[in-house]
Amino acid sequence: MRRYLLYLAAGILLALCLAALVTPFLAPYSPKQQFREFSHSPPTRVHFLDPESGLPPRPFVYTNPEVSDSKGSTSSESTGDRVTVRFFVKGVPFRILGVNSGTHLFGLEDPDQPVFLLGSDSLGRDLFSRILYGLRFSLVVGLLSIAVTVLIGTFSGTLAGWRGGWADRVIMRICDLFLSLPGLFLILGIRAVFPLRMSASNTLWMMVFIFALFGWGVVTRVVRGQVLSLKQRDYVLAARTMGASDWYIVIRHILPFTSNYLRVQCTLFVPLFILGEITMSFLGVGVQEPDVSLGNLLIAARSISAMTQHPWEMVPALLVFVLVFCFNFVGDELKAPGRVRPQWW
Amino acid sequence: MIRFAWRRALESIPVLIVLSFIVFGLFKLVPGDYLSEMELNPTISSETVEKLRHDYGLDRSLPVQYWLWLKQIVKGDFGYSFAQRRPASDLVMERVGGTLVLTASAFALALFLALILGLISALNVGRWPDGLSLWLSLTGLSLPTVLASIGCLYFAYWTGWLPVGGADTWRHLILPSITLAIPSAAFLARTLRLELIDTLGQPYVRAAVAKGLPEWRVVWHALRNAANPVISLAGVTLGGLLSGAVVVEKVFGWPGLGSLIVDSLLMRDLYVALNCVLLASFFVIVANLFADLLLALNDPRVRGR
């Protein structure tokens, strides 16, 4: 049972990562495209059955999506022309993995007509597209940060452990220092140095820089410990007597053994970094409008009017929960497989 | 014990010094200086600014500037907030209490919840209460402060039982503290559970059970031993609570240091923001010190080292 849940969680994570990879293809619109006349419009109902014949035609929507009244409830009857939802339609051009394309998974024939799978926000932007792009940004922040963190941490940890002596002392002192500094407040302090409004890519690199600055110490410390014990193994001595160079021994005989720990550390750190991004953007000192990230989207979910009148704006909160939950679950299973209870208790 | 406390307190001094270096470095990295804002003001002549710059020591060498700034901070002078047109010390004094009260109540709540959940879980390993509390704590762990605050806000709005914003009565404190306590409580509960299960498997517990000691006494024995890592981790979460308070204060409109930092950042009142960062970091370091002392108080083995 637990094992299947683990697979489920890992599967969800994988699916979300894939979705982030091909976001421009999955999202029908660009995250900045506004349909001003459709502010706060509820999720568009996609009809799969023809009301007259009762047969399933191609899915369609009505051009005049139900206008939301002040209470947010939608009128049951829609009017207007029927527009078929098409798959693989041409839309806003984009570029993924070096391929230029303009094909989106689905959309309406008329690109000026919106189909809002998850409703729209106050400026009439498609929430479904925005969530996908936001997820993409947040995941990229998390993954890039962990890559940089692990790279720096492994390098300095190996250096400290392998070399020993003054290199070890200096690195570990700096490391201890960083570990004893309060994270979020210094992050906010460092944030003060950068301008308030930055482009999305600059924000991305700033966050990667900040998170790596606070993450490398943990990795360094553990890798150093492992290298210290690994370098006294007999096979290392054997490799050395056979004339292997330092580089060769470290890369072939030492580093592979740290991968187990690194894997666990990644599943613990990635959600932390993603949450860091979310917190910063949520506080308004991270990604700025009109650029989008998960934290940014949560700002709208915070207002009372979102809760009462346009609840679809709460969806990002749900997604963040699922994301963090899955990460925690997988990380937990990797870290400590289920314990058994002592027999005499 | 007192010797240990002294030694531990002395150990945190280098950290504080480095922290002040870092914050001072950030000051210097921020474009412009403390008085650049004034130069833009047409009603203030450039001579006045130069004179002020001299008075503040901004034309002196870096070490002197650092020394002057540090003296100022220690005296409790946090500079002047140009955005709010008030001395920053007033702002800080108004807010510090808020943050400390919020953090303390959340800490107490987190410990209480963790103790209950962890005990229920560990005493029923493998049965449904354990499963339930495991799921609860996993859920709580996946509710970062941002989400928890949105959830609590929704809850308060939906039931109408508790006020959602402001800081007038003790009722205003309930929701923010619950929000802040959730992730820490979950985290501590899980740690306590694992530790308790391990401890209950120890031979001395077996011996105690075999001797026929009443169950609650056995549990008490085990609890004291299992509490060690939990207490040291609780200290770590105390620092985390101070940080988490930033978000909670912002969402619930609770006047505290964290929201002051963020507001100052957003208004580009950077000198106030950085001074507050220093103060808040100081609190975190003190909290860590406090955690270590707690640990030493609970476990004589720590003191000996």
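Letters A, B, ... are given to chains in the order of the sequence lines, protein chains preceding strands, and every chain is numbered from 1. Please read these numbers as outputs of a predicted model, since none were measured by experiment.
- Scanning all heavy atoms of the two residues, the minimum distance from B/Leu147 to A/Ala317 falls at CD2-O, 3.5 Å.
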Check step by step if side chain to side chain contact (heavy atoms under 4.5 Å, CB included) holds for B/Leu19 and A/Leu186.
CA-CA 9 Å; B/Leu19 185 74; A/Leu186 274 188; 4.1 Å; yes
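- Only the side chain of B/Ile261 comes within less than 4.5 Å of a heavy atom of chain A; its backbone N, CA, C and O stay farther away.
- When heavy atoms are compared at a cutoff of 4.5 Å, A/Ile187 does not approach chain B at all.
- Of all the heavy atoms in A/Leu283 and B/Val262, the pair that sits closest is O-CG1, 3.6 Å.
- No more than 12 heavy atoms of other residues, nucleotides or ligands sit less than 6.0 Å from atom CZ of B/Phe290.
- Heavy atoms only, all atoms of each residue included: A/Ile190 and B/Leu26 are closest at N-CD1, 3.9 Å.
- Between B/Leu266 and A/Gly284, the closest heavy-atom pair is CD2-O, 3.4 Å.
- Proximity to chain A (any heavy atom under 4.5 Å) is restricted, for B/Tyr157, to the side chain, taken from C-beta onward.
- Interface residues of residues 319-327 of chain A toward chain B, defined by a heavy-atom distance below 4.5 Å and sorted by number: A/Val320, A/Phe321, A/Val324, A/Phe325.
- Ranking B/Val247, B/Asp130, B/Ile22 against chain A, the residue ahead of the rest is B/Val247, based on heavy-atom pairs under 4.5 Å.
- Pairs of residues two or more places apart, or lying in two chains, that qualify as side chain to side chain donor-acceptor pair (under 3.5 Å) and include a residue from residues 133-142 of chain A are A/Ser138-A/Glu277.
- Rounded to the nearest 0.5 angstrom, B/Leu29 CG and A/Phe194 CZ are separated by 9.0 Å.
- Contact annotation for A/Leu298: both backbone and side-chain heavy atoms come within less than 4.5 Å of a heavy atom of chain B.
- Atom CD1 in A/Ile278 sits 11.5 Å away from atom OG1 in B/Thr145 (nearest 0.5 Å).
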Begin from the C-alpha positions of A/Phe185 and B/Leu279 and carry the test side chain to side chain contact (heavy atoms under 4.5 Å, CB included) through to its verdict.
CA-CA 9 Å; A/Phe185 290 113; B/Leu279 184 66; over 6 Å; no
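- Of the residues listed (A/Ile274, A/Leu275, A/Leu272), the one engaging B/Pro144 in a side chain to side chain contact (heavy atoms under 4.5 Å, CB included) is A/Leu275, and it is the only one.
- With a 4.5 angstrom heavy-atom cutoff, B/Thr139 touches chain A via backbone and side-chain atoms both.
- Interface residue B/Leu274: only side-chain heavy atoms are found under 4.5 Å from chain A.
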